Protein chains: 2
Amino acid sequence: MSEIMETLIRRGFLWQSFEIYGGMAGFIDYGPLGNGLRRRIEDLWREFFVVNERAVEIDTPTVCVEDIFIASGHATSFTDVAIECKKCGRVFRADHYIKEKLGIEADETIESVKEIVESFDLKCECGGEFDEPKPFNLMFETKIGPGKGKKGYLRPETAQGIFIAFKRLADYFRDRLPFGVAQIGRAYRNEISPRQGVIRLREFNQAELEFFVHPKEKTHPGFDTYANDRVRLVDKNGNEYDLTLKEAVEKGVIINQILAYFIGKTRRFLLKAGIDDARLRFRQHRDDERAHYASDCWDAEAFTSYGWIEVVGIADRGDYDLSSHSRFSGEDLSIFVPFSEPVKVRRKKIIPKMNKIGPAFRQKAKKVVEMLSSIEAKDADYVELDIDGEKVRVDREFFDIQEVEEEIHGEKVVPHVIEPSFGLDRITFAVLEHSFDKDIVDGEERRVLRLKRWVAPVQVAVLPLLSKGDFEAKAKEITVMLKAAGIFTEYDDSGSIGRRYRRFDEIGTPFCVTVDHQTFEDNTVTIRDRDTTRQIRIGLDELIPALKELLSTEKDISEFGVIFKE
Amino acid sequence: MSEIMETLIRRGFLWQSFEIYGGMAGFIDYGPLGNGLRRRIEDLWREFFVVNERAVEIDTPTVCVEDIFIASGHATSFTDVAIECKKCGRVFRADHYIKEKLGIEADETIESVKEIVESFDLKCECGGEFDEPKPFNLMFETKIGPGKGKKGYLRPETAQGIFIAFKRLADYFRDRLPFGVAQIGRAYRNEISPRQGVIRLREFNQAELEFFVHPKEKTHPGFDTYANDRVRLVDKNGNEYDLTLKEAVEKGVIINQILAYFIGKTRRFLLKAGIDDARLRFRQHRDDERAHYASDCWDAEAFTSYGWIEVVGIADRGDYDLSSHSRFSGEDLSIFVPFSEPVKVRRKKIIPKMNKIGPAFRQKAKKVVEMLSSIEAKDADYVELDIDGEKVRVDREFFDIQEVEEEIHGEKVVPHVIEPSFGLDRITFAVLEHSFDKDIVDGEERRVLRLKRWVAPVQVAVLPLLSKGDFEAKAKEITVMLKAAGIFTEYDDSGSIGRRYRRFDEIGTPFCVTVDHQTFEDNTVTIRDRDTTRQIRIGLDELIPALKELLSTEKDISEFGVIFKE
C-alpha cells in the first residue's frame, strides 16, 4: 500500500467498506476526515456553480423507473463488454483485461474484443478459456413494490432527474433562458471488476450542473472573468496547447464560448479546492470515445498515482436529452422564446370549403376540416391526410389557398444543455494526493497534508500545553467558542505537544491554538501555522476574527502578530 | 389537493417524481426551495448533533452486501404482511388495508391478518378474493457485479454502515467512551403500497446519530441544559404527562438520563427548525411495536394533516447491533475500558500437566493444553473440551488447579447504542405545514410561510422598485454583495412590487430589500419584514451586518432602523 493510502486509512479519511465482512471492490467509506473534506468541497462547488450562476439545486431520487433509461439510451447503450471464464466463472471487463495482459487498447465492441481474444488466444488467469464476449449493462437493477413489481434502476448520473423535471424547472425560471439546475448526490455504476481502489467506484458522488441555453446562444455573460486564464489543452486529435481561453475560442480549439467559460470556471474551482495546476489538463474526447448523448466533451484530468484520471467532464449534450424524453413521454419539453419584436410573415393558408366537405366525407368531415386547417399549405392538386391510420385524399375542389399576413411573437425552442459533471470522490482523492507532502522539521521527517485552509476537515486544533485541569478547562472553553463561531475545531489533550502538532500536520489542520502558561498571565494564546511551523502570540479577544480571515484567505500569520518561533 | 400542497408544488418545494412518465408512489423530488429548506435543516442538525457533541460524521454506501442484514436481522425481520388479490393482482399492505376498510388495528402477523381476512370475508377493491397473506421484505434488492453477482440491498437505515465500521471508529476516538457517530443520507424502504404522499416514501433522507456509551453509564454530561425543559410525554401504556425532563427521569417515566437528554435536545432542535411546540409530543413505543433491535424507544411525533406522525425515533439499541455483527463477522467489537485503578482478584487457574497429556492425547495434546489454559477453572473431577467438533473428556489427573492473584487493569465492554434517528423529509414537511399561515394585509388575504429565518431557502429578496436600468443595476449589485456575504439571496424584477412581496411571503423569505428613488439620493434601501410587513430604511453600509443579525436571531427590524411603514 502506498504511504499516502496508509495515512488516509489510519487517520480516518477513507476506509474499505464492509471491511469486517471481507469488503467489496468498488465501495468506500468516508471516515470523519474524508467526509469533512468532501463536504467542504461540495460547499465550494455550490458557491461556484449554483450561488454564483443563474442556477438552482434540486434533489431527486436515486431509484428511478425504467422508462427514463429507455428514453435516455442507458438501457441499451450504458454497457461494457464482459468476458467470462468458462472454467472458473470469473468475469472481467474486456478492454481492461486486454490492456493489462496484452498492452493493447481495444475498442469497446463485441467484434473487436472477440477478434483480439481469438487472435491472441487470450486465456483467463486461471488458464481457462473465455466464453463469447457479451455486453453487460452497468446499471444496478432493482424492483419497486411487491409481487411482479416494476423494474427500476439506480441512476447512473444525477442529470436525468433534472431533464425529466424540465417543465417544472422552466416554469420556476418563468421560461427565461439561460438557466442552470444542479444536483449533488449519489450515482451508481455496477462495474464489472473494479480494480483501481478509490477511483473506480460502483457507488460514487456526483455534482452536476445542467445549464440550459438557447441553441443559437452558446455564450456566457461571465466569460470575461476567465478569458485570460491560461489553460493546458489536449484536443481530440492529441494536439497539445497552452492557451488563454480567449485564444482557444478564437483559434477554434474550443468550439464555443460557453464550453470555454465552464472550462475556465472548472479550473478555478479545482485550484481553489486544492488541485495542483501543474497536474491538471483539459482533454477533449476523441470521436470514438464520446458518450452517446454528447456532441462535444472536454474532461478535466488530474495527474495522480493512477496516471491521468478524469475528474470532471464538460459536455455539450445538445438537445439529445430533452428531445428523447419528449418523444418517449409525449410531453412538450420546449420553451417558448419571444422575439425581441414580433415578426411579420406572409404564409399560405388552407381554407376548407365546408359546404363541399360535409356531403363528400360525411362522418370524417369534422376531422378533415380540422386537419386541413392545421397543416401547411402547398401548391398541389390535392393533399393526403392520415385519419386514424387511413390515408384520405382531399382534392383541390374541397379547399382554397389564401395568402395571409401573420404576426409571429416568438418560437418554440428545445434548449441545449451544457453539462459540467464533477466526480467528487476523484476530486477529493486527487486533492489529497496533491496536498500530501513531506519535509524536515527539527531534523526529523514530517508528513504534512497541505490542504487549502477552507477545505480542511479540521481547521483549528485547540491544545492545552500541559495535561493540567486549568489548561484543559481553558482549552475546552476556547474550543466551544470557536465552534460557536462556525470554525471546524477539535480539542486534543493526549500526548506531548510536539506529537500533537505532528498529528494535526498529518491530517491537514492549518492552525493549532495552544494554551500555555502565559495564557493565564495576559489572556493570550499561540497560533501555529501548519505549513511553516512558525508561531505567533495573539490576544484571545482577537482570536476569532484573525482565524476567520486566515481561514478564508492565504494570508501569512505574521500579519496577525509577531513571529516568536520560526 | 390541499391548499398547502398546491402552494408547495406550484412554488417549487416538492414535486411528484417521474411525473412525465406517470409518476410512482413513494418518491418525491425536492424542487429548488424544498431542497434549500431540507439542506438548511440538515446543517442545523449537524450543529446540534455533531459539532456540539463528542461526535463525528461519516458517509458509507447505500448499496450494501447481504451479510450485514443477515447479522442485523433485517433479512428476516424487516417485513410487512402483504395481501395479494387473486383476481386483479394488486398487493396491499395488510394492516393498512384492514384499518382503511374495517377500521381495525391488526397485529402485523400472518396469523392475525389471516384471521381477520377470513372472519370479515375481506375482499379486494375490485371484488376479488385475497390469496394467503405473506411476509414481504421491505429492502430493495439488487445484484453487485456481473454474472451471478453477489446479492446486495439498499440500506434500510444509515446506522448499519456505522456499526460495521465500529473498530475503525473506536480507534479514531482512541477507545474512549462515550462517542457519537452520525450519518446523513439516503435510506430505502420498498413499501408495499404507499398511499400517504410525502410522508410514506420508498426513498427518504435520514440523519442518524449512534451514540456509543458504557452500558453502566447511561448519563450525559449535558443533561442539565435540558433538565428543566417541559415536555409532553405519552408512555407505552398510553398515559400522558406534562413534565420537566428532570421530573420524568425521577418518576421513572423515562428510564434513564441519556434518553431524556436526547429527547430534550431533539425537542430544542425541532423547535429551532420550525416545528410548533403545541403540535409536538414524545410517545414511547408499546411493547408490541418496538423494532427487533430496540430495548426502549421514544418517538417525537408532530401533528400534521396526516394526524400524529413520527418524525424522530430515539431508541436504546443496547448492544444488539455490535454483538450481532461481532458474532456474524467473527470480529471482536468490544472496547477495552481501563479501571480508574487496577483491581486485584484471586482466581483459580488450570495448570495442565504436560508430561501426562502428551502421551495420552497425542496429536490432540497441543489443543488440549491450549484450551485448558484458557478456560475458567471449576472444582470438578473432569472438564469436557470441544476440539474441532469432538467432545473430549479430560480427567482431573491431567491438570492441577491453583489459586493465583492477578491484577486486572480493565475490562472488555461491548458499548450500548443510544440512537436518535431523524426522518428529514417528514421534518421538512411538518415544518412547512406548521409554518403555513394566512392573514389579511391591505384588506386582502395573504398566504405566508412563517419559516424560521435561518432555515428559509431564500433569506433575502432584492427588488428594484421600478423596472428601469439603474434600479435594476443597483439591485443586482446588492444581490452579488449579499451572496458574497453568504446570505441566500434572490433578485427579482418581474411584476409589481406588491406582487413580488406576496411571492416572497408565500415562499417564506423573511426579508425583502428594495431599491427605490431614495437609494440614489442617500444610499439607503428599505427592509421589509415578512411577518409584520413593516418596513425600515437602512444605509447600504449597515445592510449586511443588520441582515446577518436579523437572520440568526428573532430580533425585530425596529432594532435596526425606524419603522416608516406599518
Side-chain angles (χ1 to χ4, degrees), chain A residues 12 15 17-21 24 26-32 34-36 38-39 51-52 56-65 67-68 82 84 89 91 136 140-148 150 154 161 164-165 167-168 172 174 186 188 190-193 202-203 325 329 331 483 494, chain B residues 12 15 17-21 24 26-32 34-36 38-39 51-52 56-65 67-68 82 84 89 91 136 140-148 150 154 161 164-165 167-168 172 174 186 188 190-193 202-203 325 329 331 483 494:
Chain A
W15 299 322
S17 298
F18 325 128
E19 207 173 10
I20 63 170
Y21 290 107
M24 170 59 84
F27 294 93
I28 56 164
D29 284 2
Y30 283 88
N35 178 70
R38 204 196 77 219
R39 299 274 181 191
V51 177
N52 291 302
V56 294
E57 182 187 345
I58 68 171
D59 192 17
T60 70
T62 57
V63 173
C64 298
V65 296
D67 315 59
I68 295 168
E84 184 172 352
V91 185
F136 174 69
F140 282 95
E141 197 180 313
T142 191
K143 213 182 62 184
I144 304 168
K148 278 168 308 231
K150 204 170 148 73
L154 299 190
I164 61 169
K167 275 166 72 93
R168 293 282 183 194
Y172 187 85
R174 293 170 223 158
R186 291 286 214 273
Y188 305 81
N190 199 2
E191 295 285 353
I192 295 174
S193 48
R202 283 172 160 148
E203 176 170 347
H325 283 300
S329 69
E331 291 283 347
K483 280 184 176 181
S494 70
Chain B
W15 299 322
S17 299
F18 326 127
E19 207 174 10
I20 64 171
Y21 290 107
M24 169 60 84
F27 295 93
I28 56 163
D29 284 1
Y30 283 88
N35 178 70
R38 205 197 77 218
R39 299 274 181 190
V51 177
N52 291 303
V56 293
E57 182 187 345
I58 68 171
D59 191 17
T60 69
T62 58
V63 173
C64 297
V65 295
D67 315 56
I68 295 168
E84 183 171 355
V91 185
F136 174 68
F140 282 96
E141 196 180 313
T142 192
K143 212 183 63 184
I144 304 168
K148 279 167 307 227
K150 202 170 149 73
L154 299 189
I164 62 169
K167 274 166 71 92
R168 294 282 184 193
Y172 186 86
R174 294 171 222 158
R186 292 285 214 274
Y188 304 81
N190 199 3
E191 294 284 351
I192 295 174
S193 49
R202 284 171 159 147
E203 176 171 346
H325 284 300
S329 70
E331 292 282 347
K483 279 183 177 181
S494 70

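Computed from heavy atoms alone, side chains included, the values below leave out hydrogens, waters and symmetry copies. Below, chain A is the first sequence line, B the second, and so on; all start at residue 1. Predicted model, so just to flag it, every value in this text is computed and none were measured.
- Note that CG of A/Asp29 is 5.5 Å distant from OG1 of B/Thr60, once rounded to the nearest 0.5 Å.
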What's the verdict on side chain to side chain donor-acceptor pair (under 3.5 Å) for B/Ser494 and A/Arg174, showing C-alpha distance, side-chain angles and the deciding distance?
CA-CA 10 Å; B/Ser494 70; A/Arg174 293 170 223 158; 2.4 Å; yes
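- Within the 4.5 Å cutoff, no side-chain heavy atoms of A/Tyr30 are placed close to those of B/Glu57.
- Formation of a donor-acceptor pair under 3.5 Å by the A/Glu203 side chain with backbone atoms of B/Thr62 is found in this model.
- For A/Thr142, the side chain to side chain contact (heavy atoms under 4.5 Å, CB included) partners at least two apart in sequence or on another chain are A/Val63, B/Phe140.
- For the side chain to side chain contact (heavy atoms under 4.5 Å, CB included) test, residues two or more places apart in sequence or in another chain that qualify with B/Glu331 are A/Ile20, B/Lys167, B/Ser329, B/Leu333.
- Between chain A and the residues B/Ile164, B/Ile144, B/Ile192, the largest count of heavy-atom pairs under 4.5 Å involves B/Ile144.
- Taking each heavy atom of A/Gly12 and B/Tyr172 in turn, the nearest pair found is CA-CD1, 4.4 Å.
- For A/Phe136, the part lying near chain B is the side chain, with the backbone staying farther off; criterion is any non-hydrogen pair under 4.5 Å.
- Of the listed residues (A/Pro32, A/Ser193, A/Gly89), the one with the most heavy-atom contacts under 4.5 Å to chain B is A/Pro32.
- Between B/Asp59 and A/Arg39 there is a side-chain heavy-atom pair separated by less than 4.5 Å.
- In terms of non-hydrogen atom pairs under 4.5 Å with chain A, the most contact-rich of B/Arg186, B/Lys143, B/Arg38, B/Glu84 is B/Arg186.
- Shortest non-hydrogen contact noted between B/Cys64 and A/Phe18 is CA-CZ, 3.7 Å.
- Heavy-atom pairs under 4.5 Å with chain A peak, among B/Ile68, B/Asn190, B/Val51, at B/Asn190.
- For the options B/Asn52, B/Val56, B/Asp67, heavy-atom pairs under 4.5 Å to chain A are most numerous at B/Asp67.
- A distance of 5.0 Å separates CE of A/Met24 from NZ of B/Lys150, quoted to the nearest 0.5 Å.
- Residue A/Ile28 touches chain B through its backbone alone, counting heavy-atom pairs closer than 4.5 Å.
- Taking all atoms of both residues into account, the shortest heavy-atom contact from A/Gly145 to B/Arg202 is CA-NH2, 3.6 Å.
- Most heavy-atom pairs under 4.5 Å with chain B, from the set A/Glu141, A/Glu19, A/Arg168: that is A/Arg168.
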